[in-house]
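All values below were derived from every heavy atom in this structure, side-chain atoms included, with hydrogens, water molecules and symmetry-related copies excluded.
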Amino acid sequence: MAGPVGRPRPRVGIKDVAREAGVSLGTVSNVLNRPEIVSEGTRSRVLEVIDSLGYVRAEGARQLRGWASRVIAVMVLGMANPFFTALASGVEQAAREADLGVMVCTGAHDPAEAARHLSLITSHQVRGAVLASGEGVGRTVAAFRRNAVPFVVADQYAPQPAACSVGIDDVVGGRAAVRHLLERGHRSLAYVSGPDRLQQVRDRRRGALTAISESGLPSTALRELSCDTLTVTAGKDAGHRVLGLPERPTAVFCANDLLALGVLQALYEAGLRVPDDIAVVGYDDIEFAASAVVPLTSVRRPASAMGRQAGRLLIEDTAHGVRHTHRHVVLQPELVVRRSTLAAPAR
């Protein structure tokens with residue numbers, strides 16, 4: 001990967017971090033090596049300075065520039081969501097094909113954690129990283145670029161053209177989900193969404209509204225209930241809110257399967273039948289979707305294939321003697337129909 005144009009930026013040292021954070025060299029060293037003995041406030045301040053200055057341990061960066069490592073990293077939001085487990089598994093497959101190992105870093109949505117991961121990646125002489133870090137990807141990419149760490153962005157577009165990325169067309173996926181419900185006869189729908197700052201959530205909404213428009217219905221036929229997180233707990237809360245609507249929809253489209261599983265729990269507890277009283281569609285098609293108490297119709301995102309493709313692009317980018325062209329790969333989602341939608345809508 002080409003470096004920045006112009007005069008190279010002077011490398012930031014541990015003294016610069018200590019001076020900027022207003023702490024001793026020993027405190028910075030403890031944050032990097034024994035963070036548990038540093039108070040939370042001091043630790044957070046030092047990590048913020050590390051992130052803003054772009055400090056990495058020099059010995060790791062020197063090795064990294066020589067592509068000496070046999071390990072690649074993958075940074076994900078968390079492994080509680082099976083989607084990210086499958087994505088990391090795909091990266092591991094690509095690494096295994098190239099006789100490389102994988103280091104998995106979680107919690108990449110937190111800037112302080114992202115800074116810690118960057119320090120860990122460089123100090124362990126990691127070859128490069130696949131970044132599936134959600135809303136904070138722009139900040140993470142900037143830090144990796146500052147420190148000349150090769151990377152590939154997964155699950156969205158790279159914010160700058162000088163990097164590869166692998167994404168999924170979530171507009172197509174959202175359209176397929178709602179079109180399926182419309183074809184089943186539903187005319188009053190709800191969209192249980194996640195944080196609007198996530199591009200994936202916005203794209204799925206856009207696809208859903210496209211299907212509504214194509215059917216000739218007004219946009220008000222799709223009512224949105226937003227959630228702060230994409231979790232089962234948030235989905236269950238949204239399910240209760242669906243039940244409390246003055247005119248209950250006959251179908252619910254959820255921004256991911258964890259939300260959908262939570263909605264199913266709320267409906268089940270209320271004594272409603274799925275799909276006879278209300279149909280539910282999820283998104284991602286995680287392993288648990290097919291084994292839910294009512295098998296869940298879901299939009300399958302090829303997480304493992306995405307991770308494998310991202311891993312291969314990273315390995316190609318960092319290989320000796322290979323002329324690499326950065327590119328964006330778009331994978332297509334697939335609607336998987338199961339029992340949660342296979343009945344006539346309630347009248």
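Between atom OG1 of residue Thr210 and atom CG of residue Asp203 there is a gap of 10.0 Å, rounded to the nearest 0.5 Å. With rounding to the nearest 0.5 angstrom, the CG atom of Asp237 is 9.5 Å from the OG1 atom of Thr231. Rounded to the nearest 0.5 angstrom, Leu217 CG and Ser188 OG are separated by 10.0 Å. Interatomic distance, Asp169 CG to Leu331 CG, rounded to the nearest 0.5 Å: 10.0 Å. Atoms NE2 and CG, on His326 and Leu313 in that order, are 10.0 Å from each other to the nearest 0.5 Å. Rounded to the nearest 0.5 Å, atoms CD (Gln200) and CG (Asp170) are 6.0 Å apart.
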Quiz prompt | Chi angles and distances behind the side chain to side chain contact (heavy atoms under 4.5 Å, CB included) call for Leu182, Arg187 | solution = CA-CA 6 Å; Leu182 294 170; Arg187 293 296 178 268; 3.9 Å; yes

Practice problem: Please lay out, stage by stage, how Val263 and Val242 fare under the test side chain to side chain contact (heavy atoms under 4.5 Å, CB included). | Solution: CA-CA 9 Å; Val263 169; Val242 167; 5.6 Å; no

Quiz item: Where do Ile286 and Leu258 land on the side chain to side chain contact (heavy atoms under 4.5 Å, CB included) test, with the steps shown first?
Solution: CA-CA 9 Å; Ile286 61 176; Leu258 297 181; 3.8 Å; yes

Exercise. Would you please test Gln309 and Val152 for side chain to side chain contact (heavy atoms under 4.5 Å, CB included) and show each step?
Key: CA-CA 10 Å; Gln309 179 70 64; Val152 170; over 6 Å; no

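Contact check for Met306 versus Val329: no side-chain heavy atoms found under the 4.5 Å cut-off. Between Val23 and Val17, every side-chain heavy-atom pair lies at or beyond the 4.5 Å cut-off. Between Ser226 and Asp196, the closest side-chain pair of non-hydrogen atoms is not below 4.5 Å. In this structure, Asp285 and Arg301 have side chains that are not in contact, with every pair of non-hydrogen atoms separated by 4.5 Å or more. For the pair Gln156/Leu198, no side-chain contact is recorded, criterion being any heavy-atom separation below 4.5 Å from C-beta on. A 4.5 Å side-chain heavy-atom check between Ile72 and Thr318 finds every atom pair outside the cut-off. Within the 4.5 Å cutoff, no side-chain heavy atoms of Cys164 are placed close to those of Leu314. At a threshold of 4.5 Å between non-hydrogen side-chain atoms, the residues Glu92 and Val104 do not count as touching.
Among all heavy-atom pairs drawn from Ala255 and Ser193, the shortest one is CB-CA, 3.9 Å. For Leu261 against Ala292, the heavy-atom pair with the smallest separation is CD2-CB, 3.8 Å. Between Ala190 and Leu225, the shortest heavy-atom contact is CB-CD1, 3.9 Å.
Among pairs with a residue in residues 279-301, none fulfils ring pair (Phe, Tyr, Trp, His ring centres under 6.0 Å), at least two apart in sequence or across chains. Annotation: salt bridge (Lys or Arg N to Asp or Glu O under 4.0 Å) contacts involving residues 255-270, sequence neighbours excluded, comprise Lys236-Glu269. Annotation: salt bridge (Lys or Arg N to Asp or Glu O under 4.0 Å) contacts involving residues 206-227, sequence neighbours excluded, comprise Arg175-Glu214, Arg205-Glu224. Within the structure, salt bridge (Lys or Arg N to Asp or Glu O under 4.0 Å) pairs that include any residue of residues 258-267 do not occur (at least two apart or interchain). Among residues at least two apart or in separate chains, there is no ring pair (Phe, Tyr, Trp, His ring centres under 6.0 Å) pair with a member in residues 198-234. Here ring pair (Phe, Tyr, Trp, His ring centres under 6.0 Å) pairs that include residues 189-212, with residues two or more places apart or in two chains, are Tyr191-Phe253. Listed by first then second residue, pairs satisfying ring pair (Phe, Tyr, Trp, His ring centres under 6.0 Å) with a partner in residues 292-318 number zero, not counting sequence neighbours.
Ser215 places a side-chain N or O within donor-acceptor distance of the main-chain N or O of Ile212, the cut-off being under 3.5 Å. A donor-acceptor distance shorter than 3.5 angstrom exists from the side chain of Ser44 to the backbone of Glu40, with no hydrogens or angles considered.
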Table please: side-chain donor-acceptor pairs of residues 78-86 below 3.5 Å, with sequence neighbours left out.
residue : atom : partner : partner atom : Å
Asn81   : OD1  : Phe83   : N            : 2.9
Thr85   : OG1  : Met79   : O            : 3.3

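If you chain together hydrophobic residues whose side chains sit under 4.5 Å apart, Val28 and Leu53 fall into the same group.
Each of Val299, Val281, Asp284, Leu259 was scored for a side chain to side chain contact (heavy atoms under 4.5 Å, CB included) with Cys254, with one residue passing: Leu259. Residue Val38 forms a side chain to side chain contact (heavy atoms under 4.5 Å, CB included) with just one option from Val46, Leu47, Val31, and that option is Val31.
Within a 6.0 Å radius of CD in Gln332, more than 12 heavy atoms belonging to other residues, nucleotides or ligands are found.
Under the side chain to side chain contact (heavy atoms under 4.5 Å, CB included) criterion, Val294 pairs with Val274, Arg339, Ser340, not counting sequence neighbours. Every residue meeting the side chain to side chain contact (heavy atoms under 4.5 Å, CB included) condition with Ala279, not counting sequence neighbours, appears here in chain and number order: Leu181, His186, Ala251, Pro275, Thr341. Residues passing the side chain to side chain contact (heavy atoms under 4.5 Å, CB included) test with Gln93, sequence neighbours excluded: Ser89, Arg96, Ser304, Arg308. Applying the side-chain hydrogen bond (donor to acceptor under 3.5 Å, both in side chains) criterion to Asn256, with sequence neighbours excluded, gives no partner residue.
Look at Arg248 and Asp277 and you find no salt bridge, because none of the NZ, NE, NH1 or NH2 atoms lies under 4.0 Å from a carboxylate O. A salt bridge links Glu183 with Arg179: at least one charged nitrogen is closer than 4.0 Å to a carboxylate oxygen.
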